[in-house]
Amino acid sequence: MFHLFKRTRSDLEREEAFELMPDNVPKHVAIIMDGNGRWAKGRGLPRIAGHHAGMKAVKRVTIAADEIGVEVLTLYAFSTENWKRPRDEVDFLMKLPQEFLSIELDELVEKNVRVRMTGWKEGLPAHTLEAVEKAIERTKHNTGLILNFALNYGSRHEIVQTVRDIASEVRQGELKQEDISEELISNRLLTGALPDPDLIIRTSGEIRISNFLLWQMAYSELWFTDIYWPEFTERHLVQAVCEYQRRARRYGGL
Ligand code: IPE
Ligand code: IPE
Ligand code: MG
């Protein structure tokens, strides 16, 4: 587990003095993986080549997150708004989970990773959903890193759906209005029992949230980088975590 610590210490400390404290690693890291299209454009390649290259970054970052002791890694892979993109691009994106998992699932199983999904199954093509469900099923008894794909996910829609469910239970007398609490709402969101993200990373230079985990990020630390997602490496993850470790999380206190 401390392999990467060692590697990052020896390789990176020389350059940038990244020093991770093993006892203050964010439990839940969530990443808005952005910039695939611009990365490709900058190389004269079609946008889909950027998405393909982004898959390699997913692999690198998953392994690194596991090695530094992150417990949950949520990756924003496709938003409910991304359906607005050209059909060809959407079709390509929907093939990626299948491709990624056909190559990586065995290793994920071996590394004790649990695959999860946060998002709406409805609307996903059958081949996409089957690949993800197979990975969830095959890894469900694992006990290591939770690799959570936010796929067909949008936070406002999630909140609307949750409010509707709660309202219906109140109307039917299954839930008392006064029992609606922050904890209850948290548990009813798609992220359910997962802890709130401690650290949210966005690549590509955009400084926005794009409808990601709005409720859950109430006290998340945010880290933005200009790096495009296909260029994001273990080193950037370690850099983000080091910066996270230097911050004082006050939660409104002193
Ligand atoms: C992120 O890269 C991947 C998804 C949103 C699916 P983009 O495709 O948004 O790349 P840019 O932002 O256009 O460069
Ligand atoms: C956010 O990126 C969604 C994902 C990374 C899946 P977008 O590229 O869709 O976000 P906007 O459109 O720039 O806000
Ligand atoms: Mg983008």
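First listed ligand is number 1; within each ligand, the first listed atom is number 1.
Within ligand 2, the atoms closer than 4.0 Å to a non-hydrogen atom of Asp34 are 2 (O), 8 (O), numbered from 1 in the order shown. Ligand-side atoms of ligand 1 in range of Ala77: 6 (C), range being under 4.0 angstrom from any heavy atom. The ligand atoms of ligand 2 that sit less than 4.0 angstrom from a heavy atom of Phe78 are 6 (C). Counting the atoms of ligand 1 from 1 in the order shown, those under 4.0 Å from a heavy atom of His51 are 3 (C), 8 (O).
When the options Glu243, His236, Gln239 are evaluated for a side-chain hydrogen bond (donor to acceptor under 3.5 Å, both in side chains) with Trp223, the one that passes is Glu243. For the salt bridge (charged side-chain N to carboxylate O under 4.0 Å, His left out) criterion with Glu221, the lone passing option out of Arg246, Arg247, Arg250 is Arg247.
When non-hydrogen atoms are compared, ligand 2 lies under 4.0 Å from neither the backbone nor the side chain of Arg38. Neither the backbone nor the side chain of Glu81 comes within contact range of ligand 2; no heavy atom lies under 4.0 Å. By the criterion of a heavy-atom distance under 4.0 Å, neither the backbone nor the side chain of Phe212 is placed next to ligand 2. Contacts of Ser204 with ligand 1, taken as heavy-atom pairs under 4.0 Å, are absent altogether.
A 6.0 Å sphere centred on CD of Glu183 holds no more than 12 heavy atoms belonging to other residues, nucleotides or ligands. Counting heavy atoms of neighbouring residues, nucleotides and ligands inside a 6.0 Å radius, atom CD of Glu182 does not exceed 12 of them.
Between Lys111 and Asp66 there is no salt bridge, since none of the side-chain N atoms of the basic residue sits less than 4.0 Å from a carboxylate O of the acidic one. A salt bridge links Asp106 with Arg138: at least one charged nitrogen is closer than 4.0 Å to a carboxylate oxygen. The pair Lys134-Glu137 fails the salt-bridge criterion, with no side-chain N (NZ, NE, NH1 or NH2) lying under 4.0 Å from an Asp/Glu carboxylate O. Glu169 and Arg188 are joined by a salt bridge, as a carboxylate oxygen and a charged side-chain nitrogen come within less than 4.0 angstrom of each other.
Under the 4.5 Å side-chain criterion, counting only non-hydrogen atoms from C-beta, Phe212 is in contact with Thr74.
Ser204 and Arg38 are linked by a side-chain donor-acceptor pair at a separation below 3.5 angstrom, with hydrogens and angles left out of the test.
For a threshold of 3.5 Å applied to N or O pairs, the pair formed by Asn82 and ligand 2 contains at least one separation below that value. Where the criterion is an N or O separation shorter than 3.5 Å, residue side chain and backbone included, Gly37 meets it with respect to ligand 1. Below 3.5 Å of separation, one finds no N or O of Trp39 facing any N or O of ligand 1. Not one N or O of Ser79 is nearer than 3.5 Å to an N or O of ligand 2, by distance alone.
Distances from atom 9 (O) of ligand 1 to the heavy atoms of Lys41, Arg85, Glu206 put Arg85 nearest.
In this structure, atom 13 (O) of ligand 2 lies nearest to the protein heavy atom Arg208 NH2, 2.8 Å. Ranking the protein heavy atoms by distance from atom 14 (O) of ligand 2 puts Ser210 OG, 2.6 Å first. Regarding atom 5 (C) of ligand 2, its nearest protein heavy-atom neighbour is Met33 O, 3.3 Å. Among protein heavy atoms, atom 2 (O) of ligand 2 sits closest to Arg202 NH2, 3.6 Å.
For the atom pair Trp120 CH2 and Leu190 CG, the distance stands at 4.5 Å (nearest 0.5 Å).
Here the N, O or S atom of Asp34 that is nearest to the Mg ion (ligand 3) is OD1.
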